[in-house]
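First the structure, in the form of structure tokens, and then the observations on it.
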Amino acid sequence: MAGERPDHYPFREIDAKWQRRWEESGIFRVREEVGRPKYYCLEMFPYPSGRIHMGHVRNYVIGDAVSRYKRMRGYNVLYPMGWDAFGLPAENAAIEHGVHPAIWTRENIQAMKSQMRKLGISYDWDREVTTCEPEYYRWEQLVFIRMFERGLAYKKAATVNWCPSCQTVLANEQVEAGRCWRCESEVIPQPIEGWYFKITAYAEELLEWCDRLTGWPERVLTMQRNWIGKSEGAEFDLPVVGRPDLTIRVFTTRPDTSFGMTYAVLAPEHPLVDRLVADEAERRAVAAFRAEVARESEIERLATDRPKRGLRLTVRAVNPFNRKEIPLFLADYVLMGYGTGAIMAVPGEDQRDWEFAKAHDLPIIETVKRPPGWTGEAYTGDGVKINSGFLDGLSVAEAKRKAIDWLVAQGLGEAKINYRLRDWGISRQRYWGAPIPIIYCPTCGTVPEKVENLPVVLPRNVQITGKGGSPLADVPAFVNTRCPRCGGPGRRETDTMDTFVESAWYFLRYCSPKFEGGMADPAAVHYWMPVDQYIGGIEHAILHLLYARFYTKVVRDLGLFKVDEPFQRLFTQGMVIKDGAKMSKSKGNVVSPDDFIAEYGADTARVFELFAAPPEKDLEWSDQGVEGAFRFLNRVWRFVQTHRPALAPPGNGRPASLSEPGRAFRRIVHETIQRVTDDIEEFHFNTAISGLHELVNAMYAFAGESLERTAAEERRYLLGEAIDTLLLLLAPFAPHLVEEMWSQSGRGESVFRTAWPTADPAALAKEALVIVVQVDGRVRSRLEVPPDISDERLKAQALADAKVRPWLEGRTVVRVVPVPGRLVNIVTRAGAA
RNA sequence: GCCGAAGUGGCGGAAUUGGCAGACGCGCUAGAUUCAGGGUCUAGUGCCCGCAAGGGUGUGGGGGUUCGAGUCCCCCCUUCGGCACCA
């Protein structure tokens, strides 16, 4: 594939030279400088799988361009990189190849780091963070203890999502359509004891702050809002006929529809059911129904188009609003996990209830007046209340309020807010993760490790089999310990923490990665946080981004830092695809960054990835597009090599007057400054680079201008200014090439220590405008006019124009619409005046 | 089913947010570079009619608002994402 490329710039030498110099000079290392504006640019750190792929490259190239640009704008830029180093693949490698996860991980990090260096990404490597190091995870163990003390970390037995292939529990956020987020195995529900973080305590704050995260993509915020799933309504009790000792608690978002309640439903596994059954026969029927529902897989349960199944109980309940008796059902469409696990059913105003009522021949009462012509089934819109006793005549919103007031007055219930969000299950029955610092003592119970004993180090000598249960349980030296409270024998927790815990705070650690007094030095966090720009894939829209937001609020409330939200601005970049599919080994459509860099150099990879598509969209890999980027860089190189020696030295003054072509050329140069600057600020790297293409095209054209039209001295000055400008504007995208040419121009200082250019307003001023003349919306002519021309003169000139007049022949001008600086539209109608 | 985003040449994509549609790049065509290939340079390149000048037409489809619509409004189609019985 690597054919001969006879004429190209020496990227191999240039890349290596500048990568070495940047590293030796430490130019990208930063420290806090109070008073100087900071900029914290962050990419989602990778899992050290062994190789970076083109998706990583895209992520890092975007961040690097932003970081280098911001440095040139004078910011003190924190731009770190690290490793999300705990996780299953390391353990699986251990099972398959017998290599210890720690060694496998370390080797992968070395390999990936060297790939990143070859791309010329300007990280401050002094701040590298590796999450599997005890120096890192000790701090989250400390936070775990503090959370435990406040009830924010707790243990419970619950039905969890079990991935049979990964042999571990998954959090709700890690299940996608009933399948494991990593291996896509079908998840099965299983009752297991485990540790939870009380993210639900932050549901409201997480939701409220969504409105204030103005630098986030709207779709990510929408996904987070949906995930949190707030619903407001009421909770109240239904009496059970003949059973004064029992009531059924229901939750509804539509208390206004209560008069339309014609039956009620309990989730099949509702604990109250056992006390509601009439006799042994019904008990057996319930057991059979439960078994039938439980047999369905998670995925089957998710299908909404399936008929709703139910079992009618003998016992009846009472609708307290109208005191009528109603039947009671168990049904698979009511979930134990939400609200109270029981509902009042209003088939007139709820589609699910409607379907169930039809299937079981239950009465339907309409409590909202239908709009004229309504032909649907259940009606969920607004309208006037009917058939609703004391609520009749009210609007839905008014009736909701009044119904809740009534429930409160009757002592039956109250207003209630429910969230779809569940607590974050963080226990993993696997080895390669941070140990949970908890000890079980037969006398003291569940006791946190003493803070001075942290970190609880993950032992190295472990038999990793991949067969169920944490391998730590088989390490007596780890498990058997002393109770921190009474000193008696105790057993350590053998579950490890979800790796998403490490990634929930690594951005804090970067602020002071070697700090030994806690997660991070509060002064450093105060200076650097929040992250000004976070860049990563959309796949973390809920998962990691929600956890990081939550964790940041937790450590704030623990009094560690004063940060409310970790990420000021978020950018979600698209995937890199080839032949219409995500690059993957199994599809055989992978382009290796190593091969690519060897063939074209780092700057071509960077420029191609930024130019080929807007960064938020998927990027289709194109070998020909790569050639285009390579060609462009060579074109720049050749131009500078050809013209630079003849140019005036930098800093020489501009000639007193410029020729007309000279002024036009200079305008292009300065317009490009403005355009590229605006584009980078908006993350429009593709159009920024197309602007640079146009500048280079103009430079070739101007260099070819005849000497009669522009004096040699003027030309030397203007081309010199243009080359300097081009190099500065190109520097964030093609840093190696630009550094080389910049130093060849006799500059001692790195281009990244040089200020970003600003457009000269005098150069931007236009001497004449080209105005389009339309007749009835069609372009018929163009006028060259002075910029300050009046509307009246413009109209007159347009009407008098020789190319326009034939189109007015035999027609009457109805009106003339001038648009200053752009066009004139002459509107006509048929027939002479 | 619900929510969200998007549909522009042969391809990737532009269009100052209501004002010249197709910038820039890829590809293609022709020419130049005293051989070929590569590289480089020049010109052309939405579609239709025309030798040309020129004209018509054109942003998923249909309607509408406007002097003027890729952009705004209504209906429909398609694709991609997210959620999925959350009461």
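So that the names make sense, note that chain A is the first sequence line, chain B the second, and so on, each numbered from 1.
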Among [options], find the nucleotide with the atom closest to the side chain of [X].
{"X": "Asp350(A)", "options": "A84(B), A87(B), C24(B)", "answer": "A87(B)"}
{"X": "Arg638(A)", "options": "A84(B), G25(B), C41(B)", "answer": "C41(B)"}
{"X": "Val827(A)", "options": "C67(B), C26(B), A87(B)", "answer": "C67(B)"}
{"X": "Arg631(A)", "options": "A84(B), G27(B), C24(B)", "answer": "G27(B)"}

Span that lies between the [atom1] atom of [M] and that of [N], in whole angstrom:
{"N": "U45(B)", "M": "G22(B)", "atom1": "C1'", "value": "12 Å"}
{"N": "A87(B)", "M": "A6(B)", "atom1": "P", "value": "28 Å"}
{"N": "G54(B)", "M": "U59(B)", "atom1": "P", "value": "24 Å"}
{"N": "C2(B)", "M": "G25(B)", "atom1": "C1'", "value": "40 Å"}
{"N": "U17(B)", "M": "G1(B)", "atom1": "P", "value": "39 Å"}

Do any side-chain nitrogens or oxygens of [X] fall under 4.0 Å of OP1 or OP2 in [N]?
{"X": "Arg219(A)", "N": "A5(B)", "result": "no"}
{"X": "Ser231(A)", "N": "A87(B)", "result": "yes"}
{"X": "Arg778(A)", "N": "U57(B)", "result": "yes"}
{"X": "Arg420(A)", "N": "C83(B)", "result": "no"}

**Request:** Please tell me which of Trp227(A) and Asp776(A) maps to the more 5' nucleotide of RNA chain B, matching each residue to the nucleotide holding its nearest heavy atom.
**Result:**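 Closer to the 5' end of RNA chain B: Asp776(A).
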
**Message:** Just to verify, what does Arg58(A) make a side-chain hydrogen bond (donor to acceptor under 3.5 Å, both in side chains) with, not counting sequence neighbours?
**Reply:**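 Counting only residues at least two positions away or on another chain, Arg58(A) forms no side-chain hydrogen bond (donor to acceptor under 3.5 Å, both in side chains).
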
Provide, to the nearest angstrom, the distance between the [atom1] atom belonging to [X] and the [atom2] atom belonging to [N].
{"X": "Phe733(A)", "N": "G25(B)", "atom1": "CZ", "atom2": "C1'", "answer": "15 Å"}
{"X": "Phe632(A)", "N": "C26(B)", "atom1": "CZ", "atom2": "P", "answer": "11 Å"}
{"X": "Arg780(A)", "N": "G55(B)", "atom1": "CZ", "atom2": "C1'", "answer": "8 Å"}
{"X": "Arg811(A)", "N": "C67(B)", "atom1": "CZ", "atom2": "P", "answer": "16 Å"}
{"X": "Lys308(A)", "N": "C85(B)", "atom1": "NZ", "atom2": "C1'", "answer": "5 Å"}
{"X": "Asn172(A)", "N": "C83(B)", "atom1": "CG", "atom2": "C1'", "answer": "14 Å"}
{"X": "Gln351(A)", "N": "C85(B)", "atom1": "CD", "atom2": "C1'", "answer": "11 Å"}
{"X": "Asn226(A)", "N": "A84(B)", "atom1": "CG", "atom2": "P", "answer": "9 Å"}

Considering every strand and a 4.0 Å limit on heavy-atom distances, what is the contact class for [X]: base, sugar-phosphate, or nothing?
{"X": "Trp807(A)", "value": "sugar-phosphate"}
{"X": "Asp353(A)", "value": "nothing"}
{"X": "Gly628(A)", "value": "sugar-phosphate"}
{"X": "Thr253(A)", "value": "sugar-phosphate"}

Flag the pair [X] / [Y] as yes when their ring centroid distance falls below 6.0 Å, and as no otherwise.
{"X": "Phe329(A)", "Y": "Phe356(A)", "answer": "yes"}
{"X": "Phe632(A)", "Y": "Trp637(A)", "answer": "no"}
{"X": "His693(A)", "Y": "Phe611(A)", "answer": "yes"}

**Item:** Qualifying residue, where the test is side chain to side chain contact (heavy atoms under 4.5 Å, CB included) with Tyr263(A) and the options are Leu328(A), Asp353(A), Asn319(A)
**Value:**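 Going through the options one by one, the only one that passes is Asp353(A).
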
**Prompt:** Where does U17(B) fall, syn or anti, if syn means a chi angle no more than 90° from 0?
**Reply:**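 U17(B): syn.
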
**Request:** Enter syn or anti for the glycosidic conformation of G68(B), syn applying to angles within 90° of 0.
**Result:**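 Base orientation relative to the sugar is anti.
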
**Parallel, tilted or perpendicular: ring planes of Tyr9(A) versus Phe630(A), cut at 30 and 60 degrees** =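 Ring orientation, 0 to 90° scale: tilted.
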
**Message:** Parallel, tilted or perpendicular: which one describes the rings of Phe685(A) and Phe683(A), with boundaries at 30° and 60°?
**Reply:**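 If you compare the ring of Phe685(A) with that of Phe683(A), the planes turn out tilted.
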
Just by distance, with hydrogens left out, do [X] and [Y] show a side-chain donor and acceptor under 3.5 Å apart?
{"X": "Trp227(A)", "Y": "Glu173(A)", "answer": "yes"}
{"X": "Thr367(A)", "Y": "Glu349(A)", "answer": "yes"}
{"X": "Gln351(A)", "Y": "Glu377(A)", "answer": "yes"}
{"X": "Arg249(A)", "Y": "Thr340(A)", "answer": "no"}

**Fill in**
Nucleotide by nucleotide, nucleotides 9-21 of chain B touches protein heavy atoms under 4.0 Å in the pattern (B base, S sugar-phosphate only, - none) ---BSS-B--BB-

**Watson-Crick and G-U pairing of RNA chain B written in dot-bracket, each distance under 3.5 angstrom, with | for inter-strand partners** = (((((((..(((......[....)))(((((((.....)))))))((((....))))..(((((..]....))))))))))))....

